[in-house]
Amino acid sequence: MSSTTIAAEPFDLDLDVSTTALIIIDMQRDFLQPHGFGELLGNDVSLLRSAIEPTRTVLDAARAATMLVVHTREGHRPDLTDCPPAKLTRGGKTFIGTEGPMGRILVRGEEGHDIIPELYPIEGEPVIDKPGKGAFFETDLHIILQNRGIKTLIVCGVTTEVCVQSTVREGNDRGYECVVLEDCVGSYFPEFQAVGLEMIKAQGGIFGWVSTSQHAIGAIAS
Ligand code: TIU
């Protein structure tokens, strides 16, 4: 047991490093790299890229502490049979499965679907391929966490108001204490970044906590 406290909002949180996992959400090339799908849609990927370096420092600390590290990727089977029609043709436009700058968009096995080199998983770190925004929906994340006795999730990744929030809401409902690191998450929309973080910690931490990479590293290393 290695009990510690992470400085967080709306209040500091006690955790045990042995029952804490680092969850890195969808740090995929298509969302983060210049000339990827995200940029093709007109987004400024630098707003997401600022999360890479702080996340890497937390990842290093988690690996040094032999914490469970889980990576997720949003995407679908090449035949798209796991992609709901409502997602596939949203707004009358079809992006998923079409040819993008780094292969078929949001399709497993394609270059753009994979995780950026800076945060690439190493052996022993589960990678969760998820068809939805939340990492618990139709995946084996919950049983992986249960089998390791995980109670607390430290959450990084993109985007703050979409896949990060969906995952934190799902995790909170399953009984996990979820801490989002504000400098390790990113949004294409600065106002959503700010409000997305506010929502989590409002009302006494209605579905989680917000902290920073520095506080997380301090807690993990203590
Ligand atoms: N990973 C994730 O958040 N998927 C998205 O589609 N996010 C957007 O903000 N579009």
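Every number for a ligand or one of its atoms is a count from 1 in the order of the listing. Reckoned from all heavy atoms, side chains included, excluding hydrogens, waters and symmetry mates.
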Between the side chain of Glu39 and the main-chain N/O of His35, is any donor-acceptor distance below 3.5 Å? yes
Would Lys133 and Glu74 pass as an ion pair if we require N to O under 4.0 Å? yes
From atom 10 (N) of ligand 1, is the closest protein heavy-atom distance below 4.0 Å? no
Salt bridge or not for Arg73 and Asp26, using N-O below 4.0 Å? no
Mark up the atoms of ligand 1 that fall under 4.0 Å of a heavy atom belonging to Val158, in ascending order. 1 (N), 2 (C), 3 (O)
Checking a contact table here: which protein heavy atom is nearest atom 7 (N) of ligand 1, and how many Å away? Thr159 OG1, 3.5 Å
Among Ile96, Asn43, Thr98, Ile105, which one satisfies side-chain contact (heavy atoms from CB on, under 4.5 Å) with Phe37? Ile105
Residue Asp26 vicinity, atoms of ligand 1 by number, heavy atom under 4.0 Å: 1 (N), 2 (C)
Out of curiosity, is Gln28 lining ligand 1, as in a heavy atom under 4.0 Å away? no
Flag if over 12 foreign heavy atoms under 6.0 Å of CD1, Ile122: yes
Search all heavy atoms of His215 against all heavy atoms of Ile6 and return the closest pair with its distance. O-CG1, 3.9 Å
Shortest protein heavy-atom distance from atom 6 (O) of ligand 1, along with the residue and atom involved: Lys133 NZ, 3.1 Å
Protein contact of atom 2 (C) of ligand 1 - nearest heavy atom, named by residue and atom, plus distance: Cys163 SG, 2.7 Å
Determine whether more than 12 heavy atoms belonging to other residues, nucleotides or ligands lie under 6.0 Å from atom NZ of Lys151. no
Flag Glu74 as yes when one of its N or O atoms lies below 3.5 Å from any N or O atom of ligand 1, and as no otherwise. yes
Polar contacts were defined as any N/O atom of the residue lying under 3.5 Å from an N/O atom of the ligand; does this apply to Val162 and ligand 1? no
So for ligand 1, is Lys130 a polar contact partner (N or O within less than 3.5 Å, distance only)? no
